[in-house]
Each structure stands twice: as C-alpha cells, then as structure tokens.
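Have a look at the structure below, then the notes.
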Amino acid sequence: MELDLKKLGKHESRLPSSIATCLDFVSIWFSEPNRAQLGRLCAAAIALSVDHARILPAYPIASGDPIAYGHKILDRLLSNGVPPSAVYEMGSAVLIEMMQVIPTEESVEERANFTHPPEED
C-alpha cells in the first residue's frame, strides 16, 4: 500500500521482517490504548513500514516502546503536513497488515499436525 506522507513524499509500505516487532505493536493495539496513545501507535506503525526509505527515525527495538517512539514520529508527521485523521487511517491499515502476519494458534497447530506423504520406493 502506498502511504502519502505529504512533504515527506509517497512511499510504499513494507512490513518489518521481525514478526516479534509486529506482535509488539499489535499487542498494544489490542490492549485498547487511549486516543492519544493510539495516535502515537499509528504514527509509529507508519514509520516502521517506511523504514526502508530512511525518512523518519528508526524504531529502537531494544526499548520495545512503540508509544514513546510514536510521539517523536507523530511530531514529525504533523509538522510535515500529515493530518491526524490520515495518521489514524494509514496507521490502522499498517497495524491490520501486521496482525495478519502473526501466526494464530490454529495455523501453528495445522503446521505441527502436517505430515509429509510417504515416500514412494
């Protein structure tokens, strides 16, 4: 999906290679953050998805704090002309994509129960 970040340009969104990072973000999202925290989380998700473009600060994985990181990113997005409604819309779309890469218990069970067909002689 293409994200229009106004003065920062249009960029194709890419999910991080780390499923654990996606889980960090989605876990916070599912904990029903307040409106201010949600804005920060959405901003952080946007930044993470355009990290390849190097236009926003990189996510500090060691701290594991998407909300604190999102505050800095939200400032950058807003000061570059991205309206709050767009932050929520684009960020939510990225969070949905992150949610879809996290394995469910059912999919893990299906993989565990999968057996290869017997080899033919």
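Numbering of residues begins at 1 and proceeds along the displayed sequence.
Between G81 and K6, the closest heavy-atom pair is O-CG, 3.2 Å. Taking both residues in full, the closest heavy atoms of A44 and P66 are given as CB-O, 3.5 Å, listed atom of the first, atom of the second, then distance.
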(request) Please step through side-chain contact (heavy atoms from CB on, under 4.5 Å) for the pair R76 and V82, ending with a clear verdict. (result) CA-CA 9 Å; R76 296 269 178 101; V82 181; over 6 Å; no

(request) Mind running side-chain contact (heavy atoms from CB on, under 4.5 Å) on M98 and L48 for me, showing each step along the way? (result) CA-CA 11 Å; M98 286 181 179; L48 197 62; 3.5 Å; yes

(message) side-chain contact (heavy atoms from CB on, under 4.5 Å), that's the test. Do E97 and M1 meet it? Break it down for me.
(response) CA-CA 10 Å; E97 287 183 0; M1 134 182 73; 3.5 Å; yes

(request) Apply side-chain contact (heavy atoms from CB on, under 4.5 Å) to the pair L8 and L77, showing each step before the final yes or no. (result) CA-CA 8 Å; L8 296 172; L77 292 174; 4.1 Å; yes

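Interatomic distance, CD1 of I73 versus SG of C42, reported as 13.0 Å (0.5 Å rounding). Between D24 atom CG and I28 atom CD1 the span is 6.5 Å, to the nearest 0.5 Å. Taking NE2 of H71 as the start and CD1 of I67 as the end, the distance is 11.5 Å to the nearest 0.5 Å. Taking CG from L15 and CG from D51, the interatomic distance works out to 12.0 Å, rounded to the nearest 0.5 Å. Once rounded to the nearest 0.5 Å, the distance linking CE of M99 with OG of S27 reads 12.0 Å. The distance from the OG atom of S49 to the CD atom of E12 is 9.5 Å, given to the nearest 0.5 Å.
P60 has its side chain within reach of Y69: a pair of non-hydrogen atoms, C-beta onward, lies under 4.5 Å apart. Side-chain contact between V50 and I55: present, with at least one pair of heavy atoms (C-beta onward) separated by less than 4.5 Å.
Between the side chain of Q37 and the backbone N or O of N34 there is at least one donor-acceptor pair closer than 3.5 Å.
Residue-environment remark: CD (E2) exceeds the threshold of 12 foreign heavy atoms within 6.0 Å.
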For residues 83-90, which side-chain donor-acceptor pairs fall under 3.5 Å, sequence neighbours excluded?
from, atom 1, to, atom 2, distance (Å)
Y88, OH, R35, O, 3.1

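For the ring-ring contact (aromatic ring centres under 6.0 Å, His included) condition, the pairs that include at least one residue of residues 2-42, sequence neighbours left out, are F25-Y59.
Every side chain to side chain contact (heavy atoms under 4.5 Å, CB included) that S18 has, sequence neighbours left out, goes to A20, T21.
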